[in-house]
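A quick write-up on the structure given underneath.
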Amino acid sequence: MSLLQLFLGWLVLLVIVLVYYLLILPRLNPLGRLSGPPIRSFFVNHLQPVLDPARSPIVYDHLVKHYGRSIRIRGVGPWDDRLLTLDPVSLSHVLKNTAIYEKPWQSRRLITSLIGCGMLSAEGQMHKRQRRVATPAFSVQNLRALIPLVFQKGNELKDRWKDIIQKEENSGPHVLDICHWVSRATFDVIGLAGFDYNFNAIQDESNELFLAYKDMFEIAISQGNLFRTLLSIYSPTLNQLFPDKAVKTVRRCQAVIRRVAGNLIQEKKYKIEEGERSGHAYTGRDLLTLLLKSNTAVDLPPEQRIDDDDILNNINTFMFAGSDTSSLTVTWTLHLLARHPELQSRLRSELSSVTTSSSPKISDLTDEEMRTMFSDIDALPFLHNVIRESLRLIPPVHSSLRVATKDDDVPTMYPVQWINGSTSNTVHVPKGSFVHVSIEAFNLDKDVWGQDAWDFCPDRWDNLSEKVSEQPGLFSNLLTFSAGPRSCIGLRFSMIEIKTFLFFLITNFVFEETGDKIIKANVVLTRPYVSGKYSAGSRLPLKVIPYVPS
Ligand code: HEM
């Protein structure tokens, strides 16, 4: 066969593929007949408006009013008409049926290329095995054991800020980038809680392992070259043959993580085995120790165990999924409280009612005294309302995506509108179609939460409508932590962290706005940026004034 014939053969194949994806597939997809926003050109896609938290509440409000709660939106091309659903019954169906609805391989491949195939990206039996082994580590009892270290870090952050403010020459209020500082502190917490390793990031940011994780996660959120990222998802050999700067950075970071964290795993395994041999069981309470113990438990059949690589991938996953999510919640909550000084004072009064019987100095408390103190903090009703409201209004994970692995009829609570004017009670989702799960839109739905759904009103939680209690969700009828078998495993962990940090920060400082306009952007998570200064990265400057009780 001549080169010309080969070329012509490829050309014909390309034309057939293009005709199929651009002309035939869109006509075969029943979702194309579902009502939804207009498709004015061949290249239109609706992803930008539905994914941008600066616009999405208004966009969703408009979509529901015009097209109902089961809506067709256009994804990356004419072959990608997808279902966007704000129907509670449909959402529950999609999130619970993990045998049909999986995370798309494209996003799983991207996550796996960074942190390995841990719980966030694994599917099927592999996911079930990993989740089963990790679940005991997140039990109430085990998390209680971690409270002292969270206290230690909350206290350290407070002391560090006091130091910085004291050393500052000028007498005016000190401005701190809350986003950056709280992120350093939550990294420290997850390092200690995750594998008993102190990054010491509150003090300085020079630790080798800390920098490896930070640099690698930075690549994940830097949004670099979108075209190159897409190309490498579909053709991973591109990165192997022609690594760019980002790929080289990831490789360097992964090498550090494998060496340092890999050694930590071997050390822990040795300590556990040594404890068993000597009859003095090793009592480490970090997630790594608990994972290793649960993985070797006698009642766990050998085929359900995970190997050392999976253990490391899951520690990476806890670092990735568990640090910025919690720190952004604390950051956004402080932002909301700075905008509502009266609510901030009310919260401070409530938090100040928590005292210890023995010493006023946290560092002098015993572990058990800290746990008792946390139980008191945990029981405070207004604090709980403030956190629920902040997690409702600005969920760190803006949305998620699922793909149907077989044809399915999705049930609905509200009638589905079709472009020919008919209605139905189900939506047929063909195999291979995406379902867009908008966490934020679900949390901000005015039909459910009332006309003030977009406002920060912690008191709403004392008087919820019946509609709210009909909603699915792992936590307080919110989708913030998702729902079903793939919901967040770290919910309780993050609550301990968020409540403890707010306790230390609100009882010691007053937070005020600087006058900068803060905007939300969806960069893997919903992050704050100073308007007009996007290139400076995610920041949330606030005036931080030491609080002196009167
Ligand atoms: C405010 C804090 C947090 C929020 C809002 C949050 C939210 C979420 C959401 C929405 C998901 C589902 C993602 C999806 O389906 O695409 C998820 C999954 C997950 N989260 Fe969290 N998360 C938080 C904190 C944490 C913490 C502290 C940890 C670990 C220490 C953690 C570990 C995980 C893991 C491992 C998964 C995957 C679970 C699975 O697929 O089985 N998260 N989280």
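Read the numbers this way: they start at 1 and go in the same order the structure lists the ligands and their atoms. When a residue number appears, it is its place in the shown sequence, counting from 1.
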Exercise. So does Asp308 pair up with Lys269, basic N to acidic O under 4.0 Å?
Worked result: yes

Problem set entry | Arg402 contact mode with ligand 1 (heavy-atom cut-off under 4.0 Å) | side chain

For this session: Examine the proximity of ligand 1 to Val437 and report which part, side chain or backbone, both or neither, has a heavy atom under 4.0 Å away.
Result: neither

Exercise. Relative to the heavy atoms of Phe493, which atoms of ligand 1 are at a distance of less than 4.0 Å?
Worked result: 27 (C)

Seminar exercise, completed: Closest to atom 30 (C) of ligand 1 among protein heavy atoms sits Ile190 CD1, 3.6 Å

Seminar exercise, completed: Taking only non-hydrogen atoms of Thr329 and a 4.0 Å limit, the atoms of ligand 1 in range are 1 (C)

Exercise. Any chance the rings of Phe210 and Tyr197 have centres within less than 6.0 Å?
Worked result: no

Exercise. Near Lys103, which atoms of ligand 1 are under 4.0 Å from a heavy atom of that residue?
Worked result: 14 (C), 15 (O), 16 (O)

Seminar exercise, completed: With heavy atoms and a 4.0 Å threshold, my read on which part of Arg486 contacts ligand 1 is both

Exercise. Looking at Phe382, is Arg346 sitting on its ring face, NZ or CZ under 6.0 Å from the six-membered ring centre and within 45 degrees of the normal?
Worked result: yes

Exercise. Among protein heavy atoms, which sits nearest to atom 36 (C) of ligand 1, and what does the distance come to when rounded to 0.1 Å?
Worked result: Leu120 CD2, 4.0 Å

For this session: Heavy-atom distances under 4.0 Å are what count here, so tell me which part of Ala193 touches ligand 1: side chain, backbone, both or neither.
Result: neither

For this session: Could you list the atoms of ligand 1 found under 4.0 angstrom from a heavy atom of Met119?
Result: 39 (C), 40 (O), 41 (O)

Exercise. What are the atoms of ligand 1, with element, lying closer than 4.0 Å to any heavy atom of Ser487?
Worked result: 38 (C)

Problem set entry | Charged N-O contact under 4.0 Å between Lys467 and Asp447 | no

Problem set entry | Nearest-neighbour protein heavy atom for atom 38 (C) of ligand 1, which is reported as residue plus atom name and distance | Arg131 NH1, 3.4 Å

For this session: May I ask you to check whether Asp286 and Thr289 show a side-chain donor-acceptor distance below 3.5 Å?
Result: yes

Problem set entry | For Asp80, side-chain contact (heavy atoms from CB on, under 4.5 Å) partners two or more places apart | Val76, Arg82, Phe434

Exercise. Got Ile498 and Ser494 here, is their nearest side-chain heavy-atom distance under 4.5 Å?
Worked result: yes

Exercise. What's the shortest distance from atom 10 (C) of ligand 1 to any protein heavy atom, and which residue and atom give it?
Worked result: Thr480 O, 3.3 Å

For this session: Quick one: which residue pairs count as a ring pair (Phe, Tyr, Trp, His ring centres under 6.0 Å) with a foot in residues 81-135, not counting sequence neighbours?
Result: Trp105-Tyr234

For this session: Compute whether any side-chain donor of one residue and acceptor of the other, for Gln48 and Arg55, lie under 3.5 angstrom apart.
Result: yes

Exercise. Pro396 heavy atoms, cut-off 4.0 Å: which ligand 1 atoms fall inside?
Worked result: 5 (C)

Exercise. Near atom 21 (Fe) of ligand 1, which protein N/O/S atoms fall under 2.8 Å?
Worked result: Cys488 SG

Exercise. With respect to Leu391, which candidate in Val386, Thr480, Thr333 satisfies the side-chain contact (heavy atoms from CB on, under 4.5 Å) definition?
Worked result: Thr480

Exercise. Using 30° and 60° as the class limits, which term best fits the ring planes of Trp461 and Trp449: parallel, tilted or perpendicular?
Worked result: tilted

For this session: Provide, to 0.1 Å, the distance between atom 14 (C) of ligand 1 and the closest protein heavy atom, together with that atom's residue and name.
Result: Ser400 OG, 3.3 Å

Exercise. What salt bridge (Lys or Arg N to Asp or Glu O under 4.0 Å) pairs are there with at least one residue in residues 120-131, not counting sequence neighbours?
Worked result: Glu123-Arg486

Exercise. Any side-chain heavy atom of Val94 sitting closer than 4.5 Å to one from Val435?
Worked result: yes

Problem set entry | Centroid separation Phe504 to Phe151 less than 6.0 Å | yes

Exercise. Out of curiosity, is His127 lining ligand 1, as in a heavy atom under 4.0 Å away?
Worked result: yes

Exercise. Under a 4.0 Å heavy-atom limit, does Glu497 contact ligand 1 with its side chain, its backbone, both, or neither?
Worked result: neither

